[in-house]
Amino acid sequence: MRRSILALLLLALLSPALRATAVAPDARRTLDAMGAAAHTIHDYTMTLISQEWDGDKLGPEQSLVAKWARPFKVYYKRLCAPHKGREILYADGWNDGRLKVSLNTFPNVKLNLDPHGDLAMGGTRHPVDETSIVYLVNVVLENFHRADEKGEASAEDLGYETILGRRCHKVRLTTKQTVTTHVLGPKETLWDVEKEYDIAMAPLLQENHRQGWEIPGDAKPGATVRVPRYYGAKIDLWIDEEINLPLRAEIYDGDGVMFERFEHRDLRVNVGLGDKDFSPANPEYKF
């Protein structure tokens, strides 16, 4: 009898750990499948719905037509105010590395901008070369694996949910977020900090939003920069069961505040986009 009671107590103590062991491999398999699916994407089209931190809260939804192809080429067209109809083209090694912009005004103003400059970064925390569903998957997985190697990460299987009419596997990634500080030298910028600490600009700006920095150029020499170790302290992903790509992502900072959210609607991969889709000469565009 005593032996049976001890066995039951031991089972009760171990069962949470056993459940965690059973769940974690499912979440990790889903993540592995997501990474493999992103690797096979040659191009895609979708409607991108995004929300980014705006001052002291999560901003309103923004919607864009998005086209992307390898090697890195991207076209965006805004579907909402402000700047409805604005178009952007960017490709690695093209246009002297500049971002081509059509403001869709009358008369139509066309610009060639430094993709990391203050004008290009106005209204967004993501430079154009830190966009795309492939970038999102890669940066999330790289951060998770780096944290996992240090014993600072967990992956939780939250079951299935239907979103955007698709059955998705919901996975929650958590990391033990820590912060270091860096004082900007006389010629340093926030882009130098991003490169040195291997952290994307969006979480870097979020960690310093209380300093009133809205664009990287707001950080001046002598400023003390708070640098997060990981992209997010918690990331919820809704991963399409069929195509193994995230249809929704919600990303939280170290204070538990959601600072960005993405939805990938009408996502179609490997549709055969060509040069015309990324050319200012495309008659459907207004460049």
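Quantities reported herein were computed from a predicted structural model and do not represent experimental measurements.
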Practice problem: Output, in order, the C-alpha distance, side-chain angles, deciding distance and verdict of side chain to side chain contact (heavy atoms under 4.5 Å, CB included) for L267 and V269. | Solution: CA-CA 7 Å; L267 176 62; V269 300; 4.2 Å; yes
Quiz item: Any salt bridge between R167 and E242, counting N to O under 4.0 Å?
Solution: no
Quiz item: For S102, does its backbone N or O pair with a side-chain atom of K110 as donor and acceptor, under 3.5 Å?
Solution: no
Practice problem: Would you please say whether a donor-acceptor pair under 3.5 Å links the side chains of R98 and N95? | Solution: no
Practice problem: Without swapping roles, check the side chain of T175 against the backbone of G232 for a donor-acceptor pair under 3.5 Å. | Solution: yes
Quiz item: Heavy atoms, side chains only, cut-off 4.5 Å: are L158 and E156 in contact?
Solution: yes
Quiz item: Have S50 and E260 got a donor and an acceptor in their side chains that come within less than 3.5 Å?
Solution: no
Quiz prompt | Candidate pair V257 and Y252, rule side chain to side chain contact (heavy atoms under 4.5 Å, CB included), full reasoning | solution = CA-CA 5 Å; V257 175; Y252 297 77; 5.9 Å; no
Practice problem: Decide whether V139 and M201 are clustered together by the hydrophobic rule: side chain heavy atoms of Ile, Leu, Val, Met, Phe, Trp, Tyr closer than 4.5 Å, transitively. | Solution: no
Quiz item: Where the side chain of H145 meets the backbone of L141, is there a donor-acceptor pair that is under 3.5 Å apart?
Solution: yes
Quiz item: Does Y44 share a hydrophobic cluster with L237, counting links as ILVMFWY side-chain heavy atoms below 4.5 Å and allowing steps through other members?
Solution: yes
Exercise. Taking the side chain as every heavy atom from C-beta outward, state whether V137 and Y135 have any atom pair closer than 4.5 Å.
Key: no
Exercise. Check P280 against L89 and note the closest heavy-atom contact, atom names and distance.
Key: N-CD1, 3.5 Å
Self-check item: Residues R210, D255: salt bridge by 4.0 Å N-O rule
Solution: yes
Self-check item: Shortest non-hydrogen contact from V271 toward D43
Solution: N-OD1, 2.7 Å
Quiz item: Hey, what do you get for CG (L245) to CD1 (I243), rounding to the nearest 0.5 Å?
Solution: 4.5 Å
Quiz item: Between T30 and D157, is any side-chain donor less than 3.5 angstrom from a side-chain acceptor?
Solution: no
Practice problem: Run the salt-bridge test on R265 and E263 with the 4.0 Å N-O cut-off and return the result as yes or no. | Solution: yes
Self-check item: Joint cluster assignment, I49 & F259, ILVMFWY side-chain distance < 4.5 Å
Solution: no
Self-check item: Minimum side-chain heavy-atom gap L204-V227 below 4.5 Å
Solution: yes
Exercise. Applying side chain to side chain contact (heavy atoms under 4.5 Å, CB included), run through Q62 and Q51 and close with a yes or a no.
Key: CA-CA 6 Å; Q62 307 293 321; Q51 288 180 273; over 6 Å; no
Practice problem: State, without any angle test, whether E188 and H182 hold a side-chain donor-acceptor pair at a distance under 3.5 Å. | Solution: yes
Quiz item: Atom CD1 in I163, atom CD in E161: separation rounded to 0.5 Å?
Solution: 7.5 Å
Quiz item: Is the shortest side-chain N to carboxylate O distance from D148 to R28 below 4.0 Å?
Solution: yes
Self-check item: side chain to side chain contact (heavy atoms under 4.5 Å, CB included) evaluation trace for E207 with R226
Solution: CA-CA 6 Å; E207 188 61 43; R226 290 175 54 83; 2.8 Å; yes
Quiz prompt | Atom pair OG1/CZ of T45 and R268 - distance to nearest 0.5 Å | solution = 6.0 Å
Quiz item: Out of curiosity, R29 CZ to N244 CG, how far, rounded to the nearest 0.5 Å?
Solution: 12.5 Å
Quiz item: Would you find a donor on one side and an acceptor on the other, under 3.5 Å apart, between the side chain of D54 and the backbone of L58?
Solution: no
Quiz prompt | N270 side, atom CG; R70 side, atom CZ - distance, nearest 0.5 Å | solution = 9.0 Å
Quiz item: Donor-acceptor pair, D236 side chain versus E250 backbone, under 3.5 Å?
Solution: no
Exercise. Could you label the plane-to-plane angle of the Y90 and F72 rings as parallel, tilted or perpendicular, counting under 30° as parallel and over 60° as perpendicular?
Key: perpendicular
Practice problem: Could you tell me whether the side chain of L205 reaches within less than 4.5 Å of the side chain of P216, counting heavy atoms only? | Solution: yes
Quiz item: If two hydrophobic side chains count as joined below 4.5 Å and joins carry through other members, does Y231 share a cluster with V179?
Solution: no
Self-check item: Main-chain N/O of G55 paired with W53 side-chain donor or acceptor, under 3.5 Å
Solution: yes
Quiz item: Does R261 come within less than 4.0 Å of E61, counting only side-chain N to carboxylate O?
Solution: yes
Contacts under 3.5 angstrom, residues 272-279 side chains, donor-acceptor by atom type, not counting sequence neighbours:
{"from": "D277", "atom 1": "OD1", "to": "K67", "atom 2": "NZ", "distance (Å)": "3.0"}
{"from": "D277", "atom 1": "OD2", "to": "G274", "atom 2": "N", "distance (Å)": "2.9"}
{"from": "S279", "atom 1": "OG", "to": "A281", "atom 2": "N", "distance (Å)": "3.0"}

Self-check item: Side-chain heavy-atom pair L99, N112 within 4.5 angstrom cut-off
Solution: no
Self-check item: Heavy-atom pair with the smallest gap, counting every atom of H126 and F262
Solution: NE2-CZ, 3.7 Å
Exercise. Might you point out which heavy atoms bring A249 and L136 nearest each other, and give the distance in Å?
Key: CB-CD2, 4.1 Å
Practice problem: Please test R229 against Q177 for side chain to side chain donor-acceptor pair (under 3.5 Å), starting from the C-alpha separation and ending with a verdict. | Solution: CA-CA 6 Å; R229 177 177 288 182; Q177 186 69 285; over 6 Å; no
Exercise. Starting at CG of N208, measure out to CG of D218 and round the result to the nearest 0.5 Å.
Key: 11.0 Å
Quiz item: Which pair of non-hydrogen atoms, one from P115 and one from P127, has the smallest distance, and what is that distance?
Solution: O-CB, 4.0 Å
Quiz item: Just by modelled atom types, is the R166 backbone N or O under 3.5 Å from a matching donor or acceptor in the E241 side chain?
Solution: no
Self-check item: K286/N108 under side chain to side chain donor-acceptor pair (under 3.5 Å): CA gap, chis, key distance, verdict
Solution: CA-CA 8 Å; K286 296 183 179 179; N108 191 15; over 6 Å; no
Quiz item: side chain to side chain donor-acceptor pair (under 3.5 Å) between Y230 and E152: does it pass, once the steps are laid out?
Solution: CA-CA 10 Å; Y230 303 118; E152 297 178 342; 2.5 Å; yes
Practice problem: Examine V65 and V101 and state if one hydrophobic cluster contains both, with Ile, Leu, Val, Met, Phe, Trp and Tyr joined whenever side-chain heavy atoms are less than 4.5 Å apart. | Solution: no
Quiz item: Can you find a heavy atom in the side chain of M121 that is under 4.5 Å from one in the side chain of D118?
Solution: no
Quiz prompt | Side-chain touch W213/V225, heavy atoms, less than 4.5 angstrom | solution = yes
Exercise. Quick one: sort the W191 and H116 rings into parallel, tilted or perpendicular, breaks at 30° and 60°.
Key: parallel
Quiz item: Are side-chain N/O atoms of T174 and S154 paired as donor and acceptor at under 3.5 Å?
Solution: yes
Quiz prompt | Derivation of the side chain to side chain donor-acceptor pair (under 3.5 Å) call for Y75 and E87 | solution = CA-CA 7 Å; Y75 166 82; E87 296 173 291; 2.5 Å; yes
Quiz item: R78 and L64: which non-hydrogen atoms are nearest, and at how many Å?
Solution: CG-CD2, 4.1 Å
Quiz item: Regarding Q206 and R125, is there a side-chain donor-to-acceptor distance under 3.5 Å anywhere?
Solution: yes
Self-check item: Side chain to side chain, S63 and C80, heavy atoms closer than 4.5 Å
Solution: yes
Quiz item: Any donor-acceptor pair under 3.5 Å linking the side chain of H264 with the backbone of P246?
Solution: yes
